[in-house]
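In listed order, ligands and their atoms are each counted from 1. Everything numeric in this text was worked out from a predicted model, so none of it was measured. Any value given below was found using the heavy atoms of this structure, including those in side chains, with hydrogens, waters and symmetry copies removed.
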Amino acid sequence: MSNLESWQIELQNCVRTVDELEKYLPIENKDRMREVLVNMRLSITPHTLKLIDFTNPNDPILLMCVPQEKELRFSPEELVDPIGDETKSPIPFLTHRYPDRVLIYATFFCSLFCRFCFRRSKTGEANPGPSIEDRDRIVEYLRSHPEVDEVILTGGDPLTLLDSQLEDWFTRIRSVESIHRIRIHTRVPVNLPSRITDAFIVLVQKYSDATHPIYIVTHFNHPNEIAPENIIAIAKLVDAGVVVRNQGPLLRGINDDPIILEQLFKRLADIRVVPYYLHQLDLAKGTNHFRVPINRGIEIMRELQGRVTGIALPRFVLDLPEGKGKVPLIHSYTQKQTDSDWEIESPFGEVVNYREPEC
Ligand SMILES: *Cc1c(COP(=O)(O)O)cnc(C)c1O
Ligand code: SF4
């Protein structure tokens, strides 16, 4: 029994039922809440529970992880497979949309289930994840596609796997010479920082070197999520040579505010995490109450441009439906006047002329 590691014990102690949740906050209609959990289950880690102010119904972390009846309201534009993962899946558990990189779904389990999850139709415990045969087939696929030089382990959350399971993935991937970079997409450094153990660090170092790095892309959405335990977990990763970046969605009532995002991006830069993408929310079913209009997102980024240090500014992007790919959403600063004359807006709103040499 006691050969479980502390992070595994923490996982066992997550809040997973409506009755457990009721110990923290009043629930008006428990049956309705259970209905919500049929679409996507509940899990809140003990670490994240500690960061929630349950006396504030608008606490940003609470809003991200406590189910709401609003999740049962579907709007017509919402999709089961919002970014078309399935349309570009040549073999099970793999999506190949861009020429040089593939996604591998290592598990569909997560330590904490985010209520806005874009893969909410898949995340949970029902799907056991890739079998040995699936994993063999994935390695074969990588070998027969030498144009792919990067593998992204995603899910679900790959860092909920055991070290031995991760080592199996690392061994397989490193056996394919054309793969240079391994990337792990994970919210574990946010919700379960104790999982970043010394043994995990040793593992990561064993399977990376100066030209075969491991990148971790994590998922902080609000400055309140950066607690001392998180800072320690990130520091361990960065000290071990892991490049850590951050991506996450723009969320209504949670981080759709330039002041909050400025704090988030700067605190991330302080702890050596590079803000990478801010996502326009995907059209997953029952997430409408989290969605911010695209225009508002563009305006927020425009406000931050010039005000916030460039090393802390992510790109605002939209992953188009039907697997069509990611595109930056950006205010247009440039306007061409003549063949050689441009009018360009400064970050402070002035209009500046720029003339190109005539050729
Ligand atoms: C988002 C995504 C990637 C990664 O894209 P980057 O811009 O490199 O972060 C890769 N494959 C698929 C299918 C994706 O959806
Ligand atoms: S960690 Fe990612 S995959 Fe898991 S529930 Fe949150 S958004 Fe979904």
Can you tell which part of [X] has a heavy atom less than 4.0 Å from ligand 1: side chain, backbone, both or neither?
X	answer
Val217	neither
Arg315	neither
Asp85	neither

message: Within ligand 2, which atoms have a heavy atom of Arg187 less than 4.0 Å away?
response: 1 (S)
statement: One finds that the ligand 2 atoms under 4.0 Å from a non-hydrogen atom of Gly156 are 3 (S)
Which atoms of ligand 1 are found less than 4.0 Å from any heavy atom of [X]?
X	value
Arg97	12 (C), 13 (C), 14 (C), 15 (O)
Arg101	4 (C), 5 (O), 6 (P), 7 (O), 8 (O)
Lys326	1 (C), 2 (C), 3 (C), 4 (C), 5 (O), 14 (C), 15 (O)

[Y] backbone acceptor or donor facing [X] side chain under 3.5 Å:
X	Y	value
Asn230	Ala227	yes
Arg183	Ile216	no
Arg315	Val327	no
Asp59	Asp53	yes
Thr45	Asn191	yes

message: Does the residue His96 have a heavy-atom contact with ligand 1, meaning some pair of atoms that are separated by less than 4.0 Å?
response: no
query: Is Thr95 in polar range of ligand 1, meaning some N or O pair under 3.5 Å apart?
result: no
task: Describe, in one word, how the ring planes of His145 and Tyr141 are oriented to each other, choosing from parallel (under 30°), tilted (30 to 60°) and perpendicular (over 60°).
output: parallel
- prompt: Closer than 2.8 Å to atom 6 (Fe) of ligand 2, do we get an N, O or S atom from Cys117, backbone or side chain?
  reply: no
task: Kindly state whether the ring of Phe93 and the ring of Tyr105 have centres lying under 6.0 angstrom apart.
output: no
What is the nearest protein non-hydrogen atom to [atom], stated with its residue, atom name and distance?
atom	result
atom 5 (S) of ligand 2	Cys114 N, 3.3 Å
atom 2 (Fe) of ligand 2	His219 ND1, 4.4 Å
atom 7 (O) of ligand 1	Tyr277 OH, 2.6 Å

- prompt: From atom 4 (Fe) of ligand 2 out to just under 2.8 Å, does an N/O/S atom of Cys110 turn up?
  reply: yes
message: Check this for me, if you would: do Asp19 and Arg34 make a salt bridge, where the nitrogen-to-carboxylate-oxygen distance has to be below 4.0 angstrom?
response: yes
message: So for Asp157, does at least one of its heavy atoms come nearer than 4.0 angstrom to any atom of ligand 2?
response: no
- request: Run down the list Leu94, Thr154, Leu103 and name the one with the heavy atom closest to atom 13 (C) of ligand 1.
  value: Leu103
statement: Of Tyr98, Tyr276, Tyr215, Phe118, the residue with the heavy atom nearest atom 6 (P) of ligand 1 is Tyr276
message: Go through it in stages, so that I can follow the logic: the residues are Arg296 and Asp256, the test is salt bridge (Lys or Arg N to Asp or Glu O under 4.0 Å), and I'd like the CA-CA distance, side-chain angles, deciding distance and then a yes or no.
response: CA-CA 8 Å; Arg296 178 68 189 135; Asp256 58 339; 5.7 Å; no
query: Is Asp339 atom CG crowded by more than 12 heavy atoms from other residues, nucleotides or ligands, each under 6.0 Å away?
result: no
message: Tell me whether the NZ or CZ atom of Arg101 lies within the 45° cone about the ring axis of Tyr98 and under 6.0 Å from its centre.
response: yes
